Amino acid sequence: MREISLAAGHLSGTTPTPPEIQHHVEAIDRAMLLARFSAEGRFLGANRLFLDRFGYDLAEIVDAPHELVCPPSRPEAHQQHIELWRTLRAGKHWAGLVERVARDGRSVWLEATYAPRMDEHGHLQSVLAVSSDVSLRVEHERVQSKRLWQSLVVDETDSAVIVTDGAWRIVYVNAGFVRMFGYQLEEIHGRRPIALLVPNVKPAVIEEALQCANAGRPFKLEELTWAKDGQRFWNKLIINPVRDAHGTLVNTVSVVTDITEAKMHEIIHHRGLDAMAREIPVVDLMTMICQEVERISPEVVASILAVDENNTLHALAAPSLPERFSVALEGMPSGPQEGSCGTAAWRHEEVVVTDIEHDPLWTRYAALAASFGLKACWSTPIISSKGQVVGTFAFYYREKRGPDEFHRRLVSVCVNLCALALEREAAREQIRKLAFYDSLTGLPNRSLLLAKAEQAIAGAARDRTQLAVLFIDLDRFKQINDTLGHTVGDEVLRLAAQRLSEGRRGSDIVGRLAGDEFVLVLPQCDARRVADVAEQILQGLGRPHRIGDATHVISASVGISLYPGNGEDIETLLRRADIAMYEAKAGNRGSYSFFSNEMNLRAQERLALENALREAIEQQQLRLHYQPQVMVEDGRLYGVEALARWHHPVLGEISPARFIPLAEESGLIGNLGLWVLEEACRQLADWQSRGIAVPSVAVNLSPTSFHNVELPDIISALLARYQLEPARLMLEITENVLIDGNAATLDTIQEVHALGVKLSMDDFGTGYSSLSYLRRLPVSELKLDKSFVHDLAHDQTAQALSEAVIRIGESLNLVVVAEGVEDEKQLKLLRQQGFHVIQGFYLAKPLPAPMLEGWLQKRTANV
Ligand SMILES: Nc1nc2c(ncn2[C@@H]2O[C@@H]3COP(=O)(O)O[C@H]4[C@@H](O)[C@H](n5cnc6c(=O)[nH]c(N)nc65)O[C@@H]4COP(=O)(O)O[C@H]3[C@H]2O)c(=O)[nH]1
């Protein structure tokens, strides 16, 4: 037979085979799979064992390609096949594990050795393959490794796996189960898992699980489960039934996953966030969190405290703590030994006190806690996203103990929510404050002040009581701000706010209206009492206070109006208190005034006049009159002074002594000054063009005009436009330009002077008349005030003063002009004293330009 002869044929040659070798060959033939291939890789024959294993007859296999038994389309097998034949053609043996395929598609694993037979030219003649079938071993190894993977998966997973028999009794648990619940298999073998792990489960749930299992459906359950040591977890159980071919339940495989965190989030966060979205008050939200925590963990008493910016603790929520306990701890400071909460806030970390009675942190509060049966307290700081402690979250216990893992997880979920809620509340509070409180002083702003005052007035109307409104304006605050800077200004305002708030009754309202204006509303207050309060306020503000290196004394003017006498609504009362304040300021600064009807009238007139003046300036209804100034020596015209005139269509002529201060107070003076400058320049240019010899024009500029840093540019443009020499313009200034304290004023004056414009010191002798002022200002002229000239003839002191002024002028090389000269006598005295220039009714009143021209003509003709 061809297959039998295979081995013998292969091994037989020309020499006969010795019997012992024949014996070996036969043994190999019985034990091994043998096959022979042509050089082209086609079967030449195979032994019985080979044919049996692969399910072929010899006739089927002979001449078939080697690929007949190779696995189809497997890249690695294909590669191995190519390697095999390349090795054999090279005359080398090939040995290794190969997968082959039987006729029925089964895999046959062979440990094979392919031996090449070469001809005398070294070409491959045939190949003998000797193999042993190792399919069983390979399969075994495969199963083994699969088991290994499976057990790794089952044991290393975080989930617990429980396998029961058909009667729901535990037969297997994985390592995850042991880790999660702490039971070893031996302890619980045969127990029912749900009863073991979920002791409080409702019978209906068990019933449903049974029904599902019998129907072959998985059953899902989310429950609080108990571990061996009493720890709780929220777990998700998925029970998968395993049934036999008849549908009988043979096993259940349950996978248990810890969802504690997710569940806590679900219960607490969802409810908390929902509550926040509904904008429920923070106290209600915190109470809800405490109640939810206590529902989940009935053995704890939860408490949430807020920590304010002064590190003081305030009760927010503690629904199960006795109220007297919370009240007693209200306002507790954070500190190194302030119970669990105060210390946690202080340390920025949790504080566990397992025995309140003996713990030194609780020394001050232990007796109090004991009286309410509280034995232990664990407090966790609630830390904002900016790292500040904004609250504490505490668990009190009625036994000596600390938190367990479940408590920790519960708190870690809660503190995040609390931090979010408290931060949100703080942000809302901040917004509320910004909207209703003055950020500098912390006092109610105008809106809140008015709202509160309206309420107070409604109360006064109901109770038929009086109410007082005090309008307080700090004196010279602008000056403080300008000279000492805004930091000092702010400090003064804060200080004023503090002093105004001192000693106020609970129902009194203190607010900041704007700038340096404060308002006090005093319910149940009559004229006598309000006068006392006004005195107190002025005294309180007047107490010296150090700011930086200097001591400051604040003075204020106070106006008072009374409800219902002076008005029945807050707007009227405020307006009238403002009028009264204005009167106080106009009189003696640092005093108070009650509103009166005359004041009201005056204020209304003033307002009407102010509006009319605004209109007059806008519509250029003002006029300039010019008063000549003449050289004493030879009577030549020295210059003219431009003086503003206002003729009101109804009120008639209004004196500059009235409208100039009004323009100053109402902020109109800037525009008025610019108009006067322009008009004076225009007029001078006009005279110049008509050959009328007016050497110079003097213009009065109030100190406020020098606050305008563009003044030098404006003047320079005017001089250019009207083609005037700068020296023909004289600006009359007063010493107040230096007293007003604006830092930029002096620079502006210097710049104007640098243009070549001249400066005159007006009203000299009436103010400080300080020589140091004179030195600081680049003036070329002094004007002796007319009050001295007026008294010159009959008052020695006036004479001495005018003498002094002329001497000062001489020593500083300044022209000295005497104003208000009304008669010959005065002129004579002034001439004797050496005055250079005189101005006054004696020569001419201030005149409109055409009349001045007439006066000049007449004078020239007379001369
Ligand atoms: N009793 C008396 N008075 C005489 C005599 N000679 C002149 N006067 C008056 O004395 C004032 C001189 O002006 P002033 O001291 O600068 O005092 C001025 C000046 O401070 C201010 N003023 C006038 N026009 C302007 C202006 O355009 N701008 C500014 N800022 N202030 C002005 O108003 C003040 C009053 O101006 P007026 O009423 O025009 O009063 C003028 C003038 O009419 C006299 O012999 N006897």
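Worth knowing before you read on, the calculation uses all heavy atoms, side chains too, and leaves out hydrogens, waters and symmetry mates. Every value quoted in this text rests on a predicted model; they were computed, and no experiment measured them.
Between the side chains of S385 and E423, at least one donor N or O lies within less than 3.5 Å of an accepting N or O. R546 and T551 are linked by a side-chain donor-acceptor pair at a separation below 3.5 angstrom, with hydrogens and angles left out of the test. Judged purely by distance below 3.5 Å, without hydrogens or angles, the side chains of D490 and T487 never pair a donor atom with an acceptor atom. S340 and W378 are not linked by any side-chain donor-acceptor pair at a separation below 3.5 angstrom, with hydrogens and angles left out of the test.
Closest of all the heavy-atom pairs between S334 and W346 is O-CE3, 3.8 Å. Contact record, G402 with V352: CA-CG1, 4.2 Å, taken as the closest heavy-atom pair. The shortest non-hydrogen separation linking V351 to R347 is CG2-NH1, 3.8 Å. Heavy-atom minimum distance, D165 versus N251: CA-ND2, 3.8 Å. The two residues S320 and R398 come nearest to each other via the heavy atoms O-NH2, 4.2 Å.
Between the side chain of E330 and the main chain of A315, a donor-acceptor pair closer than 3.5 Å is present. Looking only at distances, a side-chain donor or acceptor of T343 sits under 3.5 Å from a matching main-chain atom of E338. Although no hydrogens or angles enter the test, the distance criterion places a donor-acceptor pair under 3.5 Å between the side chain of R505 and the main chain of P523. A donor-acceptor pair under 3.5 Å is absent between the side-chain atoms of D516 and the main chain of K478, judged by distance alone. Without hydrogens or angle criteria, S297 side chain to V293 main chain gives no donor-acceptor distance under 3.5 Å. Here the side chain of R408 pairs no donor or acceptor atom with the backbone of D404 at under 3.5 angstrom. Judged purely by atom type and a 3.5 angstrom limit, E187 uses its side chain to pair as donor or acceptor with the backbone of Q184.
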Could you give the side-chain donor-acceptor pairs of residues 464-472 under 3.5 Å, partners two or more places apart or in another chain?
none

Between F233 and V256, does a side-chain contact (heavy atoms from CB on, under 4.5 Å) hold up when you go through it step by step?
CA-CA 11 Å; F233 313 91; V256 186; over 6 Å; no
Could you walk me through whether R543 and E502 pass the salt bridge (charged side-chain N to carboxylate O under 4.0 Å, His left out) test, one step at a time? CA-CA 13 Å; R543 281 201 325 268; E502 276 169 11; 3.5 Å; yes
Practice item. Show your reasoning for whether side-chain hydrogen bond (donor to acceptor under 3.5 Å, both in side chains) applies to D284 and T287. Key: CA-CA 5 Å; D284 294 358; T287 306; 5.2 Å; no
| request: For L440 and L493, run side-chain contact (heavy atoms from CB on, under 4.5 Å): C-alpha distance rounded to whole Å, both residues' side-chain angles, the deciding distance at 0.1 Å, then the answer. | output: CA-CA 8 Å; L440 181 70; L493 289 174; 3.6 Å; yes
Before you tell me yes or no, could you show the steps for S254 and I238 under side-chain contact (heavy atoms from CB on, under 4.5 Å), namely the whole-Å CA-CA distance, both residues' side-chain angles and the distance that decides it to 0.1 Å? CA-CA 5 Å; S254 303; I238 302 177; over 6 Å; no
**OP:** Could you check D359 against T354 for side-chain contact (heavy atoms from CB on, under 4.5 Å), going step by step and ending with a plain yes or no?
**Re:** CA-CA 8 Å; D359 196 301; T354 52; over 6 Å; no
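For D578, there are no side-chain hydrogen bond (donor to acceptor under 3.5 Å, both in side chains) partners at least two apart in sequence or on another chain. For N240, the side-chain hydrogen bond (donor to acceptor under 3.5 Å, both in side chains) criterion is met by no residue, not counting sequence neighbours.
Under the 4.0 Å criterion applied to side-chain N and carboxylate O atoms, D274 and R278 are assigned as salt-bridge partners. A salt bridge links D258 with R409: at least one charged nitrogen is closer than 4.0 Å to a carboxylate oxygen. In summary, K375 and E357 do not engage in a salt bridge, as defined by a charged side-chain N under 4.0 Å from a carboxylate O.
Atom SG of C418 sits about 12.5 Å away from atom CD1 of I383, to the nearest 0.5 Å. Separation of atoms SG (C290) and CG (L316) is listed at 9.0 Å; rounding is to 0.5 Å. Taken from OG1 in T164 to OH in Y172, the straight-line distance is 14.0 Å, to the nearest 0.5 Å.
Using cut-offs of 30° and 60° for the angle between ring planes, the F406 and W234 rings count as tilted. Classified by interplanar angle (parallel below 30°, tilted 30° to 60°, perpendicular above 60°), the ring pair F181/F177 is tilted.
Residue pairs meeting the salt bridge (Lys or Arg N to Asp or Glu O under 4.0 Å) criterion with at least one partner in residues 380-392, sequence neighbours excluded, are absent. Sorted by first and then second residue, the pairs that involve residues 434-463 and meet salt bridge (Lys or Arg N to Asp or Glu O under 4.0 Å), not counting sequence neighbours, are D438-R512. Listed by first then second residue, pairs satisfying salt bridge (Lys or Arg N to Asp or Glu O under 4.0 Å) with a partner in residues 297-308 read R232-E299, not counting sequence neighbours.
Between L422 and V307 there is no side-chain heavy-atom pair separated by less than 4.5 Å. Inter-residue side-chain proximity for Q524 and R529 is flagged as unmet; no heavy-atom pair is nearer than 4.5 Å. Side-chain atoms of V510 and P444, non-hydrogen and from C-beta on, never get closer than 4.5 Å to each other. You'll find the side chain of Y396 reaches within 4.5 Å of the side chain of S303, heavy atoms only. Contact of the F393 side chain with the I289 side chain is registered, since non-hydrogen atoms from C-beta on lie closer than 4.5 Å.
Under the side-chain contact (heavy atoms from CB on, under 4.5 Å) test applied with I162, the options L185, I194, I239, L197 reduce to a single match, L197.
Taking the six-membered ring wherever Trp is involved, the centroid distance between the rings of Y183 and H189 does not fall below 6.0 Å. Ring centroids of Y365 and F325 are separated by 6.0 Å or more, keeping the two rings apart.
The environment of R324 atom CZ is sparse: at most 12 non-hydrogen atoms of other residues, nucleotides or ligands sit within 6.0 angstrom. Within 6.0 Å of the CD atom in E323, the count of heavy atoms belonging to other residues, nucleotides or ligands does not exceed 12.
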